[in-house]
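Report on one structure; see the data block that follows.
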Amino acid sequence: MKHIKIDPITRLEGHGKIDIFLNDAGEVANTYFQIPELRGFEQFCVGRPVEEMPRITTRICGVCPEAHHMASVKACDAVFHVEVPPTGKKLRQLLYNTFYAGDHTLHFYALGGPDFVVGPDAPAAERNILGVVKKVGLEVGGKVIEMRKRTQEVIKMIGGKQTHQVTSLPGGISKGITEEERKQIEQHCIWFVEFGKFTQQVFNDIVLKNKAYVDLILSDSYNLKIYSMGLVDEKNRVNFYDGKVRVKDPDGNELVKYSPNEYLENVAEHVEPWTYLKFPFLKKVGWKGFVEGKQSGIYHATPLSRLNAADGMPTPLAQAEYEKMYSTLGGKPVHAMLATHWARIIELLSAAEMALDLARDPEITGTHFRNIPTATPTEGVGIVEAPRGTLTHHYTTDEKGILTKVNLIVGTTNNYAPISMSIGKAARGLIKRGTEVSDGVLNMIEMAFRSYDPCFGCATHAFTGRHALEVRIFDSSGELVQKVTRS
Amino acid sequence: MAFEPKIVGFLCNWCSYTGADLAGVSRIKSAPNMRIIRTMCSGRVDPAFILKAFQLGADGVVVMGCHLGDCHYQEGNYKTIRRIPFLKKLIEQFGIDPRRLRLEWVSASEGDRFAEVVNEFTQEMRTLGPLKLPVHELMGKNGERAKHAVHE
Amino acid sequence: MAKPRLALYWAASCGGCEIAVLDVQEKILDIANAFDIVFWPVAMDFKYDDVRRMDDKSIDICLFNGAIRNSENNEIAELLRKKSKVLVAFGSCSMEGGIPGLANLTTKDDILKFVYKDSPSTVSTNGGTYPQTHTKMPEGEIEIPEMWDTVKSLDQVVDVEYYIPGCPPQPEQIWNVVSYILSGQPLPPSGAILGAGEKSCCDECTRTKSEKKLKQFYRPFEIQAKPDECLLEQGIVCMGPATRDGCGALCPKAGMPCRGCYGPPPNVSDQGAKMISALSSVIDAHEADEIDRILNQIADPIGTFYRFSLAHSLLRRVDKHETH
Ligand code: SF4
Ligand code: SF4
Ligand code: SF4
Ligand code: FES
């Protein structure tokens with residue numbers, strides 16, 4: 001039996017590793033996507049003052065610290081039973097939508113997008129942001145850098161630091177913004193919306209006008225019929241910061257819509273001995289192993305699943321594109337995992353529009369941005385949509401607000417099972433009896449997990465946008481027989 | 001062999017150190033377990049000295065200074081009465097029994113009191129048994145280093 | 001002249017340090033031009049094996065971020081040490097354990113037990129399934145690295161030339177270091193801390209200080225701090241006095257107390273000890289009971305004073321035997 005090892009594919013709370021086993025016939029017997037690291041935040045945070053959590057849990061991920069900062073502080077609001085005044089809530093949302101726009105931008109241009117923009121068959125060395133620059137034109141590189149710079153400026157203005165924000169605390173936020181700052185932010189947000197439209201255009205021109213790409217998106221190797229999860233507002237529209245978690249089955253019917261404090265009745269985690277990461281699943285459906293379909297509790301929590309789970313977008317430009325996506329791809333729900341890239345652009349647009357609305361909201365410069373908690377702290381759950389999945393923080397404290405229990409279900413974790421399955425499916429579809437495992441085959445396997453943007457943190461945001469990939473093939477006695485690396 | 005605790009005593013030069021001397025001269029018997037470090041004032045005992053003593057293997061640490069109001073530097077021992085209870089809370093969080101750190105006021109004329117404190121503390125440390133900290137093992141293992149100079 | 005060969009690596013890290021490197025913005029292109037980047041797993045296609053094949057000391061500078069938390073981190077730290085002329089502990093995690101080092105407040109066993117068994121969302125089958133370093137699957141054996149009980153800083157496992165503090169190091173400071181190296185000036189003596197100041201965070205904080213003494217401490221959520229006064233003097237525990245300057249006092253500027261990510265200031269070996277000294281001199285009490293009452297208002301000394309530096313503190317980790 002042959003053993004193929006892709007090592008290291010990079011990070012998620014650490015680094016990832018893919019092992020592909022071939023049987024004696026040279027076909028894929030099984031694939032294992034392993035997470036070799038565990039940090040133990042849940043245990044070492046016990047004993048800490050709960051209000052410190054928004055500043056500690058940011059360090060779970062330097063790529064999406066904003067998501068942890070927000071999920072954490074929302075859990076703190078719940079622990080203290082405190083309402084956040086409108087200005088405080090809007091400042092948090094302004095920060096959060098700005099972050100979303102920036103984060104989705106980098107994924108599209110640096111990591112996921114190059115597969116399409118430059119082309120899935122292009123040499124690997126060109127499938128990065130430099131390749132995108134070559135194809136779309138020099139100005140795109142500058143625009144991406146500028147987008148990042150502007151989003152970071154807004155985040156620092158509201159969050160105190162551009163990485164690992166510090167300002168949110170139970171009941172609100174530590175400081176407001178001045179009219180002067182608001183004006184600057186508004187200018188940035190106008191730019192974000194323009195950039196969102198530009199990105200939409202790039203996707204339209206290069207991907208959607210190319211039938212081969214659309215066929216690839218819809219091809220069977222990248223299709224996964226599973227449940228879709230996403231946070232929705234009171235009108236069932238996509239919301240990143242607040243609302244209820246809605247889950248739709250593979251046929252598009254609502255399975256459940258739950259409040260954050262009901263997560264334990266709805267989500268559970270399965271443990272496998274060969275990896276440090278757990279596999280969440282829908283409790284009401286159950287863990288049936290790595291299988292698709294309505295009878296299996298596996299779900300995804302991604303830009304695509306959020307769109308599937310909702311009835312629409314909260315902003316006009318995004319809504320129009322949302323409708324276009326579903327009509328192009330044959331109606332709701334879409335199970336073509338590569339369409340996640342499209343969904344990501346729709347979310348980018350929506351986040352930019354939301355940020356602009358907030359920057360123009362008269363309450364945003366208010367001075368009442370915080371309520372001091374007075375109730376005895378107890379227990380609380382905070383949920384936001386991280387770009388890479390529904391993020392749940394659950395805290396229990398003693399009467400002084402010292403943590404006695406912490407439970408976290410982190411963004412990408414939600415997608416661990418689907419990512420593993422997509423890799424397996426792509427591998428099975430591509431590695432057939434007698435196929436040489438080539439660079440191209442690896443790329444296609446990589447594309448499968450790249451669509452989830454699985455918080456291989458820095459990889460996602462590296463400016464050349466490639467993570468390390470190496471496949472080693474071992475025969476059944478452990479002898480190295482073939483090695484494929486990218487150069 | 002019965003366990004004999006290693007005790008570090010930080011003694012203020014102006015009072016307790018002289019008190020210790022007096023105990024010696026007066027031949028008042030006290031347990032031989034304490035290594036004495038003379039400081040110019042109990043207020044000069046940096047909290048890091050105490051942690052360092054535990055790091056290097058002390059089973060117990062005593063800080064002795066002038067009675068309140070008698071400090072040569074006026075405020076020195078007032079700093080000490082805030083630091084020591086604070087440190088007790090900290091070492092307890094580190095997993096060290098807070099009884100392993102003690103603060104006592106011993107004047108230059110209290111040789112007998114000095115001996116009494118040393119004897120009593122030594123006895124208490126005998127009951128508590130040896131202090132085994134993970135840091136001792138971490139620093140002892142081959143290849144492992146106890147670097148702290150870097151930030152100094 | 002050949003360009004200096006640069007390597008970047010992350011061990012147990014959140015990725016924020018790598019993001020901080022990218023956050024030098026347009027200057028990232030200058031870095032890419034000035035150096036020959038020979039290893040950067042997040043950005044480029046180089047593998048561990050490529051590094052193994054390099055000549056010893058053939059990397060001029062290696063920026064290493066992340067703590068040492070498992071056997072793989074350790075193995076790569078040793079490998080990069082061998083291959084690098086200058087090894088730099090980059091960021092709090094690498095320099096002093098950082099937030100991952102807070103795992104030294106507990107034990108590996110307790111972490112595993114909670115995560116895989118006691119966690120309320122986890123389904124524990126037959127008394128608990130735990131990750132194994134080696135697992136026999138029907139198709140063959142697969143491995144994952146062994147997690148350590150104690151998190152370590154980089155300099156606790158290999159020799160390190162320089163340190164760049166911060167969680168993450170601020171991009172302007174990263175650029176300061178890079179441009180200094182590029183200027184060709186002689187490198188500072190081994191052991192130096194780069195990209196930071198020689199004073200404390202309070203020195204660069206613009207809040208006004210008035211030598212006020214305190215009878216009451218508050219947790220950050222309990223009061224709305226006044227915008228211009230020192231937070232510590234308002235009774236909010238702020239790590240400024242026990243922290244090196246260099247970040248620009250970002251947190252106090254945003255209305256939140258410093259938590260010490262730039263590490264201890266010069267001549268301080270232990271941030272917690274320093275903080276106890278600093279707080280002891282501002283507490284306004286002379287009686288044991290009163291002192292005790294005030295001290296009890298300070299929540300979680302160990303987790304606050306050593307937020308970033310526990311793994312590199314004098315005692316390094318919590319002991320679970322004596323008081324457990
Ligand atoms: S020092 Fe901070 S930013 Fe850098 S890896 Fe560690 S936690 Fe992340
Ligand atoms: S203690 Fe904090 S708020 Fe006060 S001066 Fe120092 S850094 Fe600034
Ligand atoms: S103020 Fe303190 S915690 Fe905040 S960035 Fe600066 S050194 Fe780090
Ligand atoms: S001089 Fe003895 S305690 Fe200050």
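Lettering of chains follows the sequences in order, A, B, ..., and the numbering in each one begins at 1.
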Contact origin within A:Val406 toward chain C - heavy atom pairs under 4.5 Å: backbone
Closest approach of C:Cys14 and A:Arg59, non-hydrogen atoms and distance? CB-O, 3.2 Å
Measure the shortest side-chain to side-chain distance between A:Lys156 and C:Leu250 over non-hydrogen atoms and say whether it is less than 4.5 angstrom. yes
Under 4.5 Å from any heavy atom of chain C, what part of A:Ile56 do you find: side chain, backbone, both or neither? both
Honestly, the part of C:Gln132 sitting under 4.5 Å from a heavy atom of chain A is both
Sidechain-backbone polar pair: A:Thr163 side chain, C:Ala20 backbone, donor-acceptor under 3.5 Å: no
Side chain, backbone, both or neither: which part of C:Ser121 has an atom under 4.5 Å from a heavy atom of chain A? both
Is it the case that the side chain of C:Arg219 and the backbone of A:Pro49 share a donor-acceptor pair, with hydrogens and angles ignored and the cut-off at 3.5 Å? no
With side chains defined as the heavy atoms from C-beta onward, is the minimum distance between C:Val123 and A:His270 less than 4.5 Å? no
Determine, stepwise, if the pair A:Gln162 / C:Ile19 fulfils side chain to side chain contact (heavy atoms under 4.5 Å, CB included). CA-CA 10 Å; A:Gln162 51 198 11; C:Ile19 297 282; over 6 Å; no
A:Arg48 and C:Leu105: CA distance, side-chain angles, deciding distance, side chain to side chain contact (heavy atoms under 4.5 Å, CB included) verdict: CA-CA 10 Å; A:Arg48 314 285 75 75; C:Leu105 291 168; 3.0 Å; yes
With chain A, the option among C:Gly255, C:Pro168, C:Ser119, C:Pro131 that has the most non-hydrogen atom pairs under 4.5 Å is C:Pro131
Residues two or more places apart in sequence or in another chain: which of them pass side-chain contact (heavy atoms from CB on, under 4.5 Å) with C:Met147? A:Leu38, A:Tyr276, C:Arg69, C:Lys108, C:Ile111, C:Leu112
Counting heavy-atom pairs under 4.5 Å to chain C, which of A:Glu146, A:Lys149, A:Lys175 comes out on top? A:Lys149
Which bit of C:Cys17 is near chain A, if near means a heavy-atom gap under 4.5 Å: side chain, backbone, both or neither? neither
Has the side chain of A:Arg370 got a donor or acceptor atom that lies under 3.5 Å from a matching backbone atom of C:Phe221? yes
Under 4.5 Å from any heavy atom of chain C - which part of A:Val271: both
Tell me, for C:Pro257 versus chain A, whether the close heavy atoms (under 4.5 Å) come from the side chain, the backbone, both or neither. both
Heavy-atom side-chain contact between A:His164 and C:Cys251 under 4.5 Å: no
Taking the side chain as every heavy atom from C-beta outward, state whether A:Asn407 and C:Phe114 have any pair of such atoms under 4.5 Å apart. yes
Side chains of C:Thr106 and A:Glu42: closer than 4.5 Å at any heavy-atom pair? no
Heavy-atom distance under 4.5 Å to chain A: side chain of C:Glu146, backbone, both or neither? backbone
Correct closest heavy-atom pair for A:Lys161 and C:Cys261 would be NZ-SG, 4.0 Å
Under 4.5 Å heavy-atom distance to chain A, tell me which part of C:Ile223 shows up: side chain, backbone, both or neither. backbone
Chain C contact via A:Ile409 - side chain, backbone, both or neither, heavy atoms under 4.5 Å: side chain
Apply side chain to side chain contact (heavy atoms under 4.5 Å, CB included) to residues C:Leu102 and A:Phe41 and explain how you reach the verdict. CA-CA 8 Å; C:Leu102 286 179; A:Phe41 275 80; over 6 Å; no
If you tally heavy-atom pairs under 4.5 Å between each of C:Pro220, C:Ala225, C:Pro100, C:Cys247 and chain A, the highest tally belongs to C:Pro220
Measure C:Ala103 against the heavy atoms of chain A and call it side chain, backbone, both or neither at under 4.5 Å. both
